[in-house]
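Reviewing the structure listed below.
Computed from heavy atoms alone, side chains included, the values below leave out hydrogens, waters and symmetry copies. Read the numbers this way: they start at 1 and go in the same order the structure lists the ligands and their atoms. Source: prediction; values computed, not measured.
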Amino acid sequence: MEMQDIVFSHNVCDDLDKKLASAGYDKLFILTDENTSRLCYGRLSGCRTAAEACRIVIPASDVHKNIESLTQVWDELSRNGATRKSLLINLGGGMVTDLGGFAASTFKRGIRFINIPTTLLAMVDASVGGKTGINFAGLKNEIGVFSNALTVVIDTAFLTSLDSGNMKSGYAEMVKHGLISTVSHWAQLMDFDISRPDMTRLQELVRMSIEVKQQVVIQDPTEKALRKALNFGHTLGHAFESLALEKHRPALHGYAVAWGMIGELYMSHVRKHFPSTTMRQTIHFIKDHYGTFPLDCKEYDRIYELMTHDKKNADGKIYCTLLNDIGDVALNEVLDKEHVFEMLDFIREC
Ligand code: GLY
């Protein structure tokens, strides 16, 4: 897989028009969900190229990242005469870029697509790195393919319509990128106030974050080894996310990852001697901005069970990414029930 083409843009229309002019296509489609149709499409409506595009609008939110929405996209591409030379622009958060990328990658065995992420989470994570897919049979991202967007256009101006919760949700993935890269990167993230973000500074931090992800993905595009570094905080985080959903108090993905990072930082400290000062500083930052996951010890067994369903597991064991230090990852660390309970005790106590 080649290095993903990324455009850091200050004028999404100019950059999109330029990319499209050199891409060559016969028909253009723009996919949005109902939210990005309302809140973000306006930024594209002035683009020369967007004016000619056929629009596809799917229902918003992760519950619609499913086979029905996927069928809708295939159906509208088909009914509106898309060919193998057509191009799909995915304008939205991770739900739109994941589903749209999958729809494009499978339509007529694959048409090209451009991602224009509109949330912080999609900018620093979902839209970059070639993971596409949908949820299926109650499992997140169960069906999908690795397929790179032709280009990803990052314009942080879209973030002006993003609420604070979703800003912080995306920032958790940036903190993770800091932890797996360098002390200097991590320290800059700890110094930044994501609750009252300075947008100019955030733009630079977004660029740094995407660079970290790109460097990992180029070395291991299909997650055989190093890409598992990007799962730091997610083994426990996904279980928190699922539990929150079961209890009808859904948590934003990044919040669950932030709480997951507390447990996995602790386990990194216990098992891999991750420095306690760095652990404490990061946990302090997380607690300040994300609060804590409301956890009852009666839920420990369910959390453990949810962790056993993680698709990264093998041979009936839970595999987790830990850290020896900032930028020094320990892949494929096996967690047993005692480790999980110890992490949960730590989270409850701190
Ligand atoms: N979100 C983790 C990855 O792209 O591998």
* Among all protein non-hydrogen atoms, which one is nearest to atom 5 (O) of ligand 1, and what is the separation to 0.1 Å? ->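 The protein heavy atom lying closest is Arg227 NE, 2.7 Å.
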* What's the shortest distance from atom 2 (C) of ligand 1 to any protein heavy atom, and which residue and atom give it? ->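 Here the closest protein heavy atom is Asp125 OD1, 3.8 Å.
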* Is the shortest heavy-atom distance from the side chain of Lys228 to the side chain of Asp220 under 4.5 Å? ->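 No - every pair of side-chain heavy atoms lies 4.5 Å or more apart.
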* **Contacts of type ring pair (Phe, Tyr, Trp, His ring centres under 6.0 Å), residue His253, not counting sequence neighbours** =>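 Per chain and number, His253 pairs via ring pair (Phe, Tyr, Trp, His ring centres under 6.0 Å) with His234, His238.
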* Asked: Hey, does Lys176 come in under 3.5 Å of ligand 1, counting only N/O atoms on both sides?
  ->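 N/O-N/O distance under 3.5 Å: no.
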* Measure the distances from the heavy atoms of Lys213 to every atom of ligand 1 and state whether one is below 4.0 angstrom. =>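 Flag set, Lys213 near ligand 1.
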* Asked: Have Tyr300 and Asp345 got a donor and an acceptor in their side chains that come within less than 3.5 Å?
  ->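 Yes.
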* **Between Ser105 and Ser147: side-chain donor-acceptor atoms closer than 3.5 Å** =>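 Checked: Ser105/Ser147 side chains pair up, N/O donor to acceptor below 3.5 Å.
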